[in-house]
Enquirer: 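Handing you this structure, nothing more for now.
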Amino acid sequence: NVVNGTIGKQMVDTLVESAANVELILKYFDMFLKLKDLTSSASFMEIDINNEGWVYPKDFKEKMEQQKSYTPMAELPPNLTEPNISTTVNVCYQCTVDYLLRPPGRRYSESIMDFYWHYSSKELIDPAGKANFFKAIGVASQVFNTLSEVIQGPCTQNQQALAHSRLWDAVGGFLFLFSHMQDKLSKHSSQVDLLKILLNLQKDMITMMLSMLEGNVVNGTIGKQMVDTLVESAANVELILKYFDMFLKLKDLTSSASFMEIDINNEGWVYPKDFKEKMEQQKSYTPEDIEFMLACCETNHDGKIDYVGFTDRFHEPAKEIGFNLAVLLTNLSEHMPNEPRLAR
């Protein structure tokens, strides 16, 4: 690449924005790079005269102090001195979660949130944009799955390390993304493949949140942090629940005897006006819900809706994620029994 080129500038921007994390990483490696000089020095051999390779911690500490190139532990940042949590784990978690938190305003090829802001004013996401979304969602899914694996068991140390990262900011951001993207992608058949991938990502995030609660004490820190996050994102959580509720009721509607009256030959196709009439008769959909559902449907050359395909497309994901959300809220209620904010 050329001198003072775009890629170089982007890389500098990234490193400057992540300066605190870069400094922690460099500090970590610097500590261990100096270790070889210390342990091979004549001074260090004084505490291992027989060259056995074993020394007492107090002697090891004394030699590090004498070398005068190590700071006392107290001078390290608080999140690196927590008992039983290694420096490596904290730095890795912080950097991993930070991937999910890149702010809007950067090149839209850099994170899912950047993609959302770029396409939020457009009616459809074009093929190039979808390709970028698929890549970004794939990486985010890997992040959530990896985090779930390292905290399941449960592994209390890893849970606490992750809880002290910016995880909850990331969760709040994704709740906003899910609530707004679901509405946008549901309304055109060309966007359904992207919607399915987004719903899978949502499932991965909920699984990670469930893993964070494994083995945690009642009224513990992690439970409180999770409640705080959900309360701060209450409007988005309600949109997500409303979305799934609409599609969960769809199966009951389309399999009812009343609905079969508009598809006597069981062809799987009905006219939009008849579909609307049956939703109105069911009395479980608001006028806004009905308008949204019809906007999600596409008609064939005869002007009919494939209600079987439509139901299958949305019901199963809604059922699976709705169940996981219900389990999450139930588990959270058990961990935080005296939390009035969860009642809503």
Enquirer: CD of Glu291: more than 12 outside heavy atoms within 6.0 angstrom?
Expert: no
Enquirer: Thr286 and Asp289: side-chain donor and acceptor closer than 3.5 Å?
Expert: yes
Enquirer: Say you draw a straight line from CD1 of Ile137 to NZ of Lys130; how long is it, rounded to the nearest 0.5 Å?
Expert: 11.0 Å
Enquirer: Specify whether Tyr119 and Phe133 have parallel, tilted or perpendicular ring planes, treating 30° as the upper limit for parallel and 60° as the lower limit for perpendicular.
Expert: tilted
Enquirer: Taking atom CD of Gln182 and atom CE of Met246, what is their separation to the nearest 0.5 Å?
Expert: 9.0 Å
Enquirer: Apply side-chain contact (heavy atoms from CB on, under 4.5 Å) to the pair Asp312 and Lys251, showing each step before the final yes or no.
Expert: CA-CA 8 Å; Asp312 292 342; Lys251 193 77 170 179; 3.9 Å; yes
Enquirer: Without swapping roles, check the side chain of Glu339 against the backbone of Lys224 for a donor-acceptor pair under 3.5 Å.
Expert: no
Enquirer: When hydrophobic residues are tied together by side-chain contacts of less than 4.5 Å, even through go-betweens, does Val192 share a cluster with Leu294?
Expert: no
Enquirer: Keeping Ser233 on the side-chain end and Leu230 on the backbone end, is there a donor-acceptor pair under 3.5 Å?
Expert: no
Enquirer: Does Asn265 use its side chain to pair, donor to acceptor, with the backbone of Glu267 at less than 3.5 Å?
Expert: no
Enquirer: Please determine whether the number of non-hydrogen atoms from other residues, nucleotides or ligands lying under 6.0 Å from atom CE of Met260 exceeds 12.
Expert: yes
Enquirer: Could you state whether Trp168 and Leu210 fall into the same hydrophobic cluster, counting links through intermediate Ile, Leu, Val, Met, Phe, Trp or Tyr residues with side-chain heavy atoms under 4.5 angstrom apart?
Expert: yes
Enquirer: I need the Lys196 NZ to Asp193 CG distance, nearest 0.5 Å.
Expert: 8.0 Å
Enquirer: Salt bridge check, Asp245 against Lys249: does any charged N sit closer than 4.0 Å to a carboxylate O?
Expert: yes
Enquirer: Taking CZ in Phe323 as the centre, count heavy atoms belonging to other residues, nucleotides or ligands within less than 6.0 Å. Is the count above 12?
Expert: no
Enquirer: Return the CE to CE distance between Met212 and Met226, rounded to the nearest 0.5 Å.
Expert: 6.0 Å
Enquirer: How long is the gap from CG on Leu198 to CD on Gln191, to the nearest 0.5 Å?
Expert: 11.5 Å
Enquirer: Mark yes when over 12 heavy atoms from residues, nucleotides or ligands other than Leu26 sit less than 6.0 Å from its CG; otherwise mark no.
Expert: yes
Enquirer: Could you walk me through whether Gln159 and Leu213 satisfy the side-chain contact (heavy atoms from CB on, under 4.5 Å) test, starting with their C-alpha distance in whole Å, then the side-chain angles of each, then the deciding distance to 0.1 Å, before giving a yes or no?
Expert: CA-CA 9 Å; Gln159 287 173 327; Leu213 290 176; over 6 Å; no
Enquirer: Kindly give the heavy-atom pair with the smallest separation between Leu201 and Phe174, and that separation in Å.
Expert: CD2-CE2, 3.7 Å
Enquirer: Can you tell me how far the CD1 atom of Ile262 sits from the NZ atom of Lys278, to the nearest 0.5 Å?
Expert: 6.0 Å
Enquirer: Please check this pair: side chain of Ser141 against backbone of Gly138, looking for a donor-acceptor N/O pair closer than 3.5 Å.
Expert: no
Enquirer: More than 12 non-hydrogen atoms from neighbouring residues, nucleotides or ligands closer than 6.0 Å to CG on Asn4, yes or no?
Expert: no
Enquirer: Do Leu248 and Met279 share a hydrophobic cluster (ILVMFWY, side-chain heavy atoms under 4.5 Å, transitive)?
Expert: no
Enquirer: Hey, is the main chain of Gly268 close enough, under 3.5 Å, to the side chain of Asp263 for a donor-acceptor pair?
Expert: yes
Enquirer: Identify whether Leu328 and Tyr243 are in the same connected component of the hydrophobic contact network (ILVMFWY, side-chain heavy atoms under 4.5 Å).
Expert: yes
Enquirer: More than 12 non-hydrogen atoms from neighbouring residues, nucleotides or ligands closer than 6.0 Å to CD on Glu65, yes or no?
Expert: yes
Enquirer: Report the residue from Trp269, Phe259, Tyr285 that forms a ring-ring contact (aromatic ring centres under 6.0 Å, His included) with Phe275.
Expert: Phe259
Enquirer: Is there a side-chain contact (heavy atoms from CB on, under 4.5 Å) between Glu17 and Thr14? Walk through the geometry before answering.
Expert: CA-CA 5 Å; Glu17 288 180 7; Thr14 302; 5.9 Å; no
Enquirer: Following the transitive rule for hydrophobic clusters with a side-chain heavy-atom cut-off under 4.5 Å over Ile, Leu, Val, Met, Phe, Trp and Tyr, establish whether Phe32 and Ile25 coincide in one cluster.
Expert: yes
Enquirer: Looking at Lys304, I want to see if its NZ is surrounded by more than 12 non-hydrogen atoms of other residues, nucleotides or ligands under 6.0 Å.
Expert: yes
Enquirer: Would you call the rings of Phe314 and Phe310 parallel, tilted or perpendicular, taking 30° and 60° as the class edges?
Expert: perpendicular
